[in-house]
Amino acid sequence: MATTKPSSASDHLFSLVWMGAVLYGVAFFLQNAYNIRLQAINEFGPVIHEFDPYFNWRATQYLYENGAKKFLKWFDHMVWYPLGRPVGTTIYPGMQFTAVFIKNYIMGDKMSLNDICCYMPAWFGVIASFLVGCIAYEASLEGNSMTLFGALLDALTGHYTEDASVSSPKSTGYYKLSSYIGLYSPAVECAVFAMGFMAVVPAHLMRSVGGGYDNESVAVTAMSLTFFLWMRSLRSNEKHSYLFGILAGVAYFYMVAAWGGYIFVLNLIGAHAALLVLLGRFSTKVYLSYTLFYVIGTSLAIQVPVVGWTPLKSLEQLAPCVVFLGYQVLQYCEIMRKRNKWSRSQAWKFRIQVGSAAFVALVVLVMAVTPRGYFGPLSSRVRGLFVPHTKTGNPLVDSVAEHQAASQQAYWQYLHILCFLAPLGFIFMLFRFGDSASFLLVYAFAAYFFSHKMVRLILLTAPIASSLSGIAVGRSVAWCLSAFMEEDDTKKSTTKKKVDENGKPKGSKKKEKKSSSDDKFAGIAAIQQGFDEASKSTEGKIVKGIASIVILGSLYYQATSFKSYSWQISKGLSNPSIILKGQMRDGSVVTVDDYREAYWWLRDNTPADARVMAWWDYGYQITGIANRTTIADGNTWNHEHIALLGKALTGSEEEGYQIARHLADYVLIWGGGGGDDLAKSPHLARIANSVYRDHCPGDVTCRAFGFVVSLSQICLNSLCYEFLSTTLCQMLFTSAGSSGNSLSNDGEELSL
């Protein structure tokens with residue numbers, strides 16, 4: 001690409017200062033991203049957090065000790081007793097393979113495998129922040145020079161803009177560009193501020209703090225990389241930019257291996273590819289970009305055992321496949337149009353004929369394979385995104401708090417000031433529109449829709465909110481700085497005159513070629529030109545300078561406030577939950593490590609083949625820390641098995657005891673208020689009743705099982721309550737009549 005060369009020593013000096021400021025900003029924000037994610041490790045040490053990360057840790061340990069071949073064939077007999085689980089074919093192993101790769105080929109003996117797993121979320125959080133900056137940069141280049149309204153008018157009138165006619169990146173008039181590595185302003189400013197927002201936004205922190213060894217901590221980075229490479233493959237005025245579609249397919253493969261949320265990534269890129277067609281932006285480059293992405297990405301994705309052929313069979317993933325087939329039809333029609341030099345009407349007639357034939361063939365194929373059960377149904381979680389009244393219909397899924405709908409308070413909690421800045425960036429994008437930039441508009445709509453349906457998916461809004469906010473702030477800051485760094489008007493006019501005298505450069509005809517929308521927006525262009533002329537006057541420069549100072553001051557204040565808020569929120573998000581800290585009356589801080597101590601007690605005081613029955617929440621921790629066989633865990637793949645577990649804990653004492661003795665040697669109950677097992681018991685009862693209808697006769701939702709002011713009689717008779725009440729009495733008696741030894745057990749039950 002062409003770059004603007006410094007024409008004087010002052011320009012050269014300014015370029016160096018500008019690049020220095022950019023590099024400092026990038027380093028500052030990325031360092032901040034790393035530090036804010038290490039709060040948990042600095043305070044509690046390298047400890048795995050929550051529940052699911054303990055399964056990930058155990059799987060990583062098995063992979064490291066046994067190798068990939070055994071890992072992919074691993075059948076775990078210690079979980080889901082007596083069924084077991086084929087872990088190798090039911091896990092997204094990308095994160096585990098990444099951790100083992102880092103251990104074997106990068107860190108070696110410098111770090112333990114546990115420490116690598118604890119630090120990985122912070123490392124990948126930094127990388128994700130950088131990639132979000134790259135996304136904002138790609139969307140802010142001058143190649144994105146259309147307006148959405150102009151693109152729509154061109155599409156409606158049939159005046160499609162060829163990629164070659166889009167002007168190459170050039171100076172925006174803000175100030176000089178870097179002539180060394182091809183960076184452009186204000187795209188660089190947008191990128192830097194987008195990094196800054198992504199570095200500390202709580203929506204991303206909630207899944208990327210140190211110790212939070214969960215799939216999303218790696219997947220958000222893989223998702224951001226895929227999105228950036230997809231946008232990069234669509235960059236204007238680069239003949240071979242479509243080759244980045246190959247890299248986008250490879251990045252998508254890593255996303256597939258890391259997290260089940262790859263379905264969102266695939267459908268989002270497919271939706272954007274379809275939108276480009278509707279906007280009349282279909283071209284050979286767009287065709288090659290999407291075709292390479294889809295073919296390579298899908299070919300690699302089906303190699304992941306847990307995925308298999310679902311990209312070509314699951315209803316959730318067939319829409320991008322239809323878009324891919326449609327692209328082949330469109331490209332064939334374009335080849336024939338150019339070869340035969342057809343008119344617009346002739347080309348459309350041929351498209352309709354070929355499209356109709358392809359549609360009929362597709363319908364026949366679908367009708368042939370559907371009776372054979374080729375297509376799989378929508379999953380309960382995806383179904384819940386589109387059925388707001390009945391939720392998913394699965395009480396097991398609906399009982400999870402993070403599957404509930406998001407509220408306005410949740411958006412403010414996790415996005416804070418980005419709730420206002422992102423819409424502003426969205427408006428900027430409407431007037432700086434292009435093939436790459438249009439992707440952010442699709443992403444914004446999709447992320448808001450799905451996150452509104454399920455609060456857990458607010459995670460998906462972090463990259464797009466940070467990108468749009470970075471664009472809003474970056475363009476605002478660049479405009480403000482331009483008030484103090486205006487080029488000399490005489491120099492600019494002289495340069496323009498010199499170009500005119502020497503003749504038009506190559507390609508000027510294409511640049512002068514206007515689309516039909518230019519005339520439509522001539523009035524708006526005239527108004528903009530009037531403002532530009534007014535701002536060059538003495539009075540205009542004074543007003544612009546004052547406005548710039550006010551805007552910069554306001555942005556600095558809001559940025560400082562947002563940073564303080566994010567650090568405060570990160571303290572709560574950095575709590576590992578398995579270790580707690582409390583404050584005594586005298587102000588001293590104590591560490592409560594009862595959970596791990598209980599699991600260690602199980603490990604040290606029970607037989608190696610002991611079976612422990614507990615609600616599925618604690619299954620991963622029991623196997624990961626205590627190394628004991630469990631009845632169910634967070635994989636929740638067998639609804640009936642979990643329903644039986646719920647029936648045992650919330651049924652009568654006699655019935656529950658018989659089920660427990662049949663399945664397990666020990667029962668672990670969590671008590672002590674808050675979200676303990678007694679508080680969860682209404683959910684347990686509903687899940688049990690969804691399979692065993694006699695559990696709550698005539699009461700589908702088990703409303704009789706629960707408590708508002710006092711416990712219901714059904715709850716008082718449950719095994720869960722009997723264990724808790726009996727244990728509390730014994731603990732009180734023991735502490736009053738002895739020296740405070742821990743509660744002894746008879747080998748049949750263990751209550752905590």
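This is a predicted model, so every value here is computed, not measured.
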Parallel, tilted or perpendicular: which fits the ring planes of [X] and [Y], with parallel below 30° and perpendicular above 60°?
{"X": "Phe28", "Y": "Tyr24", "value": "parallel"}
{"X": "Phe426", "Y": "Phe445", "value": "perpendicular"}
{"X": "Phe71", "Y": "Tyr62", "value": "tilted"}

Exercise for the section: Applying side chain to side chain donor-acceptor pair (under 3.5 Å), run through Asp593 and Thr591 and close with a yes or a no. Expected result: CA-CA 6 Å; Asp593 203 4; Thr591 300; over 6 Å; no

Search all heavy atoms of [X] against all heavy atoms of [Y] and return the closest pair with its distance.
{"X": "Pro121", "Y": "Val209", "value": "CB-O, 3.3 Å"}
{"X": "Met255", "Y": "Gly261", "value": "CE-C, 3.8 Å"}
{"X": "Arg628", "Y": "Arg603", "value": "NH2-O, 2.7 Å"}
{"X": "Pro202", "Y": "Ile569", "value": "CB-CG2, 3.8 Å"}
{"X": "Ala199", "Y": "Phe29", "value": "CB-O, 3.5 Å"}
{"X": "Ser467", "Y": "Ile135", "value": "OG-CG2, 3.8 Å"}

[Y] side chain reached by [X] side chain, heavy atoms, under 4.5 Å:
{"X": "Val590", "Y": "Met584", "answer": "yes"}
{"X": "Leu247", "Y": "Arg232", "answer": "no"}
{"X": "Phe227", "Y": "Leu268", "answer": "yes"}
{"X": "Leu649", "Y": "Lys680", "answer": "no"}
{"X": "Leu63", "Y": "Pro93", "answer": "no"}
{"X": "Phe244", "Y": "Trp230", "answer": "no"}
{"X": "His49", "Y": "Ile578", "answer": "no"}
{"X": "Tyr443", "Y": "Ile269", "answer": "no"}

Can you tell me how far [atom2] of [Y] sits from [atom1] of [X], rounded to the nearest 0.5 angstrom?
{"X": "Trp567", "Y": "Ser574", "atom1": "CH2", "atom2": "OG", "result": "9.0 Å"}
{"X": "Leu424", "Y": "Ser469", "atom1": "CG", "atom2": "OG", "result": "8.5 Å"}
{"X": "Met107", "Y": "Leu113", "atom1": "CE", "atom2": "CG", "result": "12.0 Å"}
{"X": "Met613", "Y": "Ile622", "atom1": "CE", "atom2": "CD1", "result": "10.5 Å"}
{"X": "Cys117", "Y": "Asp214", "atom1": "SG", "atom2": "CG", "result": "12.0 Å"}
{"X": "Gln621", "Y": "Thr630", "atom1": "CD", "atom2": "OG1", "result": "11.5 Å"}

Taking [X] for its side chain and [Y] for its backbone only, find out whether a donor-acceptor pair lies under 3.5 Å.
{"X": "Ser140", "Y": "Ala136", "value": "yes"}
{"X": "His416", "Y": "Phe562", "value": "no"}
{"X": "Tyr54", "Y": "Ile48", "value": "yes"}
{"X": "Thr623", "Y": "Gly619", "value": "yes"}
{"X": "Ser681", "Y": "Leu678", "value": "yes"}
{"X": "Asp115", "Y": "Met111", "value": "no"}
{"X": "Ser451", "Y": "Ile458", "value": "no"}

Completion exercise
The complete set of side chain to side chain donor-acceptor pair (under 3.5 Å) pairs with one or both residues in residues 215-225, sequence neighbours excluded, reads Glu216-Arg456

Practice task
Just grab all the side chain to side chain donor-acceptor pair (under 3.5 Å) pairs involving residues 249-260, residues at least two apart or on different chains.
Solution key: Thr98-Tyr254

Practice task
Assess whether atom CZ of Phe44 is packed by more than 12 heavy atoms of other residues, nucleotides or ligands within 6.0 Å.
Solution key: yes

Exercise for the section: Mark yes when over 12 heavy atoms from residues, nucleotides or ligands other than Asp109 sit less than 6.0 Å from its CG; otherwise mark no. Expected result: no

Handout entry: Results of side chain to side chain donor-acceptor pair (under 3.5 Å) for Asn114 - residues two or more places apart only
Key = none

Would [X] and [Y] count as a close aromatic pair, with their ring centres under 6.0 Å?
{"X": "Phe55", "Y": "Tyr620", "value": "yes"}
{"X": "Trp670", "Y": "Tyr595", "value": "yes"}
{"X": "Tyr411", "Y": "Tyr448", "value": "yes"}

Practice task
Apply the test side chain to side chain donor-acceptor pair (under 3.5 Å) to residues Gln413 and Tyr565: give CA-CA distance (whole Å), side-chain angles for both, the deciding distance (0.1 Å), then the verdict.
Solution key: CA-CA 9 Å; Gln413 178 183 359; Tyr565 172 82; 5.8 Å; no

Handout entry: Test log, rule ring pair (Phe, Tyr, Trp, His ring centres under 6.0 Å), inputs Tyr64 and Phe97
Key = CA-CA 9 Å; Tyr64 177 68; Phe97 275 88; over 10 Å; no

Completion exercise
Tested for side chain to side chain contact (heavy atoms under 4.5 Å, CB included) against Val201, the lone hit among Val132, Ile417, Leu418 is Leu418

Can you tell me if [X] and [Y] form a side-chain donor-acceptor pair at under 3.5 Å?
{"X": "Gln39", "Y": "Ser570", "result": "yes"}
{"X": "Asn267", "Y": "Gln317", "result": "no"}
{"X": "Thr60", "Y": "Tyr213", "result": "yes"}

Handout entry: Lys581/Glu43 salt bridge by N-O under 4.0 Å criterion
Key = yes

Completion exercise
Partner of Asp633 under side chain to side chain donor-acceptor pair (under 3.5 Å), picked from Trp80, Trp615, Tyr618, Trp616, is Trp80

